[in-house]
Amino acid sequence: TERTYIMIKPDGVQRGLVGKIIQRFEERGYKLIALKLVQSTPEHLEKHYADLKGKPFFPGLIKYMASGPVVAMVWQGLDAVKTGRVMLGATNPLASPVGSIRGDFCLAVGRNICHGSDSVESAEKEIALWFPEGVVQYTGALESWIFE
Ligand code: GTP
Ligand code: MG
């Protein structure tokens, strides 16, 4: 099944939202197959956000993302990329529905607490960038209760 790269940004970590964000993915039925807390570097983050190089907010984005540790995760399950983005909300938290992570926990586009891959191709690239060591394979005990 599909995998997506989800990251809790430095503000999400500092604000103590790690548990709540993980809980939403667990409760939805997604399977956690990789997880680590990392202090990233501007060089690494420039690779992660390479598509945004040249945007006026790019330097501020890199500074924000390097300002503290992030939680890097890979979640697996049905439609993980698209549904993962729905669970996060819109890029601008003010446009995010209540019930989404950004719609419930933040206000500013430059402090939007979480990241999610925007396509299956970027998910594969991001997973390779953040987890060059690979992910973990295991059988989820509840899988037959979550998938037909
Ligand atoms: P990510 O999941 O973080 O990739 O967000 P996204 O896919 O919803 O948006 P996008 O990839 O276009 O932008 C990446 C990140 O850059 C956003 O999550 C914001 O943190 C930041 N960003 C995007 N647009 C703006 C903007 O207009 N101003 C500021 N300050 N930050 C922005
Ligand atoms: Mg994006």
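A quick note: this is a predicted structure, and the numbers were derived from the prediction, not measured. Order of listing sets the numbers, starting from 1, for every ligand and every atom in it.
- At least one donor-acceptor pair under 3.5 Å links the side chain of R85 to the backbone N or O of G116.
- Those atoms of ligand 1 that come under 4.0 Å of a heavy atom in R85, given as number and element, are 2 (O), 6 (P), 7 (O), 8 (O).
- In this structure, atom 8 (O) of ligand 1 lies nearest to the protein heavy atom T91 OG1, 2.5 Å.
- The nearest heavy-atom contact from the protein to atom 18 (O) of ligand 1 is N112 ND2, 2.8 Å.
- Using a 4.0 angstrom heavy-atom cutoff, D118 does not count as in contact with ligand 1.
- The protein atom (non-hydrogen) at minimum distance from atom 5 (O) of ligand 1 is R102 NH2, 3.6 Å.
- Y30 and V86 fall into different hydrophobic clusters, defined by Ile, Leu, Val, Met, Phe, Trp and Tyr side-chain heavy atoms under 4.5 Å apart, directly or through other members.
- Ion pairing between E2 and K82 fails under the 4.0 Å rule for side-chain N and carboxylate O.
- Every atom of ligand 1 is numbered from 1 in the order shown, and the set under 4.0 Å from a heavy atom of K9 is 3 (O), 17 (C), 18 (O), 20 (O).
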In a table with atom names and distances, give each donor-acceptor pair under 3.5 Å that connects a side chain of residues 63-78 to protein atoms at least two apart or in another chain.
residue, atom, partner, partner atom, Å
Y64, OH, D11, OD1, 2.8
Y64, OH, D11, OD2, 2.9
Y64, OH, N112, N, 3.3
Y64, OH, I113, N, 3.4
S67, OG, Y64, O, 2.6
Q76, OE1, R3, NE, 3.3
Q76, NE2, T1, OG1, 3.4

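- Atoms of ligand 1 lying under 4.0 Å from any heavy atom of Y49, numbered from 1 in the order shown and given with element: 1 (P), 3 (O), 4 (O), 14 (C).
- Judged purely by atom type and a 3.5 angstrom limit, S100 has no side-chain atom pairing as donor or acceptor with the backbone of S96.
- With hydrogens left out, the protein atom closest to atom 26 (C) of ligand 1 is F57 CD2, 3.4 Å, a heavy atom.
- Note on ring orientation: taking the six-membered ring where Trp is involved, the planes of H115 and H48 are perpendicular (angle over 60°, cut-offs 30° and 60°).
- Nearest residue to atom 16 (O) of ligand 1 from D11, L61, I62 is L61 (criterion: closest heavy atom).
- Between atom SG of residue C114 and atom CD1 of residue I101 there is a gap of 5.0 Å, rounded to the nearest 0.5 Å.
- Protein heavy atom closest to atom 12 (O) of ligand 1, with residue, atom name and distance, is L52 CD2, 4.1 Å.
- By the 4.0 Å N-to-carboxylate-O rule, D104 lies close enough to R24 to be salt-bridged with it.
- Less than 4.0 angstrom separates some heavy atom of G116 from each of these atoms of ligand 1: 2 (O).
- Of the protein's non-hydrogen atoms, H115 ND1, 2.9 Å is the one closest to atom 2 (O) of ligand 1.
- Other residues, nucleotides and ligands contribute more than 12 heavy atoms inside 6.0 Å of the CD atom of E133.
- For atom 28 (N) of ligand 1, the closest non-hydrogen atom of the protein is V109 CG1, 3.6 Å.
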